[in-house]
Amino acid sequence: MTHSVLLAEDDRPIRTALERALTLEGYQVTAVADGIQALAAAHRERPDVILLDVMMPGIDGLQVCQVLRAEQDRTPILMLTARVETADRIAGLDAGADDYVVKPFEVEEVFARLRALLRRTTAGAAGAAGAAGAAGASGAEDGGGPATAGTGPDAAEEPGETGGGAETGGAYEARVADSGVVEAADLRIDGPSRRAWRGERELELTRTEFELLELLARNAGIVLDHSTIYDRIWGYDFGPGSKNLAVYVGYLRRKVDVPGSRPLIHTVRGVGYVLRED
């Protein structure tokens with residue numbers, strides 16, 4: 001299957017090189033030079049994935065991303081940025097981007113991230129269709145609608161850090177309903193609709209944040225190492241020097257573990273991350 005890519009990059013040499021490389025890789029590429037053209041092409045072409053430079057004249061990449069998300073356009077977006085500060089990366093994630101690559105980059109890394117985004121999109125659509133079918137069958141048998149899971153009260157405080165070593169949570173496990181809804185602590189995650197709540201508060205999550213939270217929740221009480229998370233979320237281990245995972249976890253904590261709530265996402269030094277109530 002040939003996937004379509006919308007490439008928005010104002011630097012002509014980079015745009016030309018990426019367009020050529022993506023075409024040789026088998027993608028159908030639409031290349032534009034600024035944010036206004038990017039929005040027009042996104043509306044006209046409906047690409048499978050968008051490769052978006054942050055710094056562009058007129059409407060920049062962050063604004064393009066914000067407009068598309070405000071229009072409920074969930075096309076996966078990979079940002080290209082020359083900004084290396086964590087705050088700048090967070091700004092891209094906050095705008096609704098799914099992943100980012102820092103310039104200068106290796107084209108193979110861009111390919112790997114695009115493949116990961118497209119795999120997750122395909123898997124998410126298949127999972128939603130399967131869950132919808134199961135829920136419909138369950139509703140027909142019971143004479144009612146699809147099963148839904150309840151929510152619990154909010155909890156409270158700041159995330160902590162624990163010593164190394166993998167562990168399991170024993171009786172502390174996620175609850176997974178036939179409808180695809182996952183519950184852990186006071187989290188409720190609806191995979192088919194890609195919505196999540198903590199208590200009564202709905203969480204506004206990007207695609208990557210949602211999949212990271214769902215992975216942690218499905219394995220509640222179990223420490224997941226960095227390699228496992230990279231493989232499950234990105235389909236590629238970017239190595240011990242990569243800060244990607246730490247950035248995403250930090251940003252996810254800002255949305256899940258808000259001040260006044262008990263922290264759920266914990267760092268296990270030298271190992272990885274775990275979702276649990278302490």
Could you pull out the closest heavy-atom pair between Thr75 and Pro47, with the gap in Å?
-> CG2-O, 3.4 Å

Pair Asp99-Arg207, salt bridge (charged side-chain N to carboxylate O under 4.0 Å, His left out): steps then yes or no = CA-CA 9 Å; Asp99 202 357; Arg207 182 189 303 271; over 6 Å; no

Spell out, as yes or no, whether a donor-acceptor pair under 3.5 Å connects the side chain of Asp34 to the backbone of Met56.
-> no

Do the side chain of Asn219 and the main chain of Ile222 share a donor and acceptor less than 3.5 angstrom apart?
-> no

Closest heavy-atom contact between Phe210 and Gly191?
-> CZ-CA, 4.0 Å

Contact summary for Tyr27 and Leu118, nearest pair of heavy atoms = CE2-CD1, 3.8 Å

Could you grab the distance from atom CG of Leu216 to atom CD1 of Ile229, nearest 0.5 Å is fine?
-> 5.5 Å

Report yes if the side chains of Phe105 and Leu18 come closer than 4.5 Å at any heavy-atom pair, otherwise no.
-> yes

Over all heavy atoms of both residues, which pair between Arg254 and Val258 is shortest? Give the atoms and the distance, please.
-> O-CG1, 3.6 Å

Expected output: side-chain Asp48 to main-chain Ser4 donor-acceptor under 3.5 Å = yes

Once you round to the nearest 0.5 Å, how far does CZ of Phe111 lie from CD of Glu25?
-> 4.5 Å

Over 12 non-hydrogen atoms of neighbours within 6.0 angstrom of CD in Glu45 = yes

Which value, rounded to the nearest 0.5 Å, describes the distance between Leu7 atom CG and Leu80 atom CG?
-> 7.5 Å

Just by distance, do the side chain of Arg69 and the backbone of Asp73 share a donor-acceptor pair under 3.5 Å?
-> yes

Hey, can you tell me if Tyr248 and Tyr100 have their rings parallel, tilted or perpendicular (30° and 60° cut-offs)?
-> parallel

Taking all atoms of both residues into account, what is the closest heavy-atom pair of Tyr230 and Leu245, and its distance?
-> OH-N, 3.3 Å

For Arg44, does the CZ atom sit with more than 12 other heavy atoms under 6.0 Å from it, leaving out its own atoms?
-> yes

Under 3.5 Å, is there a donor-acceptor pair between the side chain of Arg188 and the main chain of Trp197?
-> no

Side-chain touch Leu264/Arg276, heavy atoms, less than 4.5 angstrom = no

Straight-line distance of Glu277 CD to His266 NE2, nearest 0.5 Å | 8.5 Å

Expected output: side-chain Gln63 to main-chain Asp60 donor-acceptor under 3.5 Å | yes

Is the shortest heavy-atom distance from the side chain of Tyr251 to the side chain of Asp94 under 4.5 Å?
-> yes

Here the gap from Ile265 atom CD1 to Leu187 atom CG, rounded to the nearest 0.5 Å, amounts to 7.5 Å

Sidechain N-carboxylate O distance under 4.0 Å for Lys103, Asp53 | yes

In terms of side-chain geometry, is the basic nitrogen of Glu202 or Arg195 positioned less than 4.0 Å from the acidic oxygen of its partner?
-> yes

Can you tell if the side chain of Glu19 reaches within under 4.5 Å of the side chain of Glu9, non-hydrogen atoms only?
-> no

Polar side-chain atom of Asp98 near backbone of Ile77 as donor-acceptor pair, under 3.5 Å | yes

Any sub-3.5 Å donor-acceptor pair from Thr16's side-chain atoms to Arg12's backbone N or O?
-> yes

Distance col, row Leu224:CG vs Leu275:CG, nearest 0.5 angstrom, shows 9.5 Å

Criterion salt bridge (charged side-chain N to carboxylate O under 4.0 Å, His left out) on Lys255 and Glu204, from CA distance to verdict = CA-CA 8 Å; Lys255 296 183 177 182; Glu204 295 295 328; over 6 Å; no

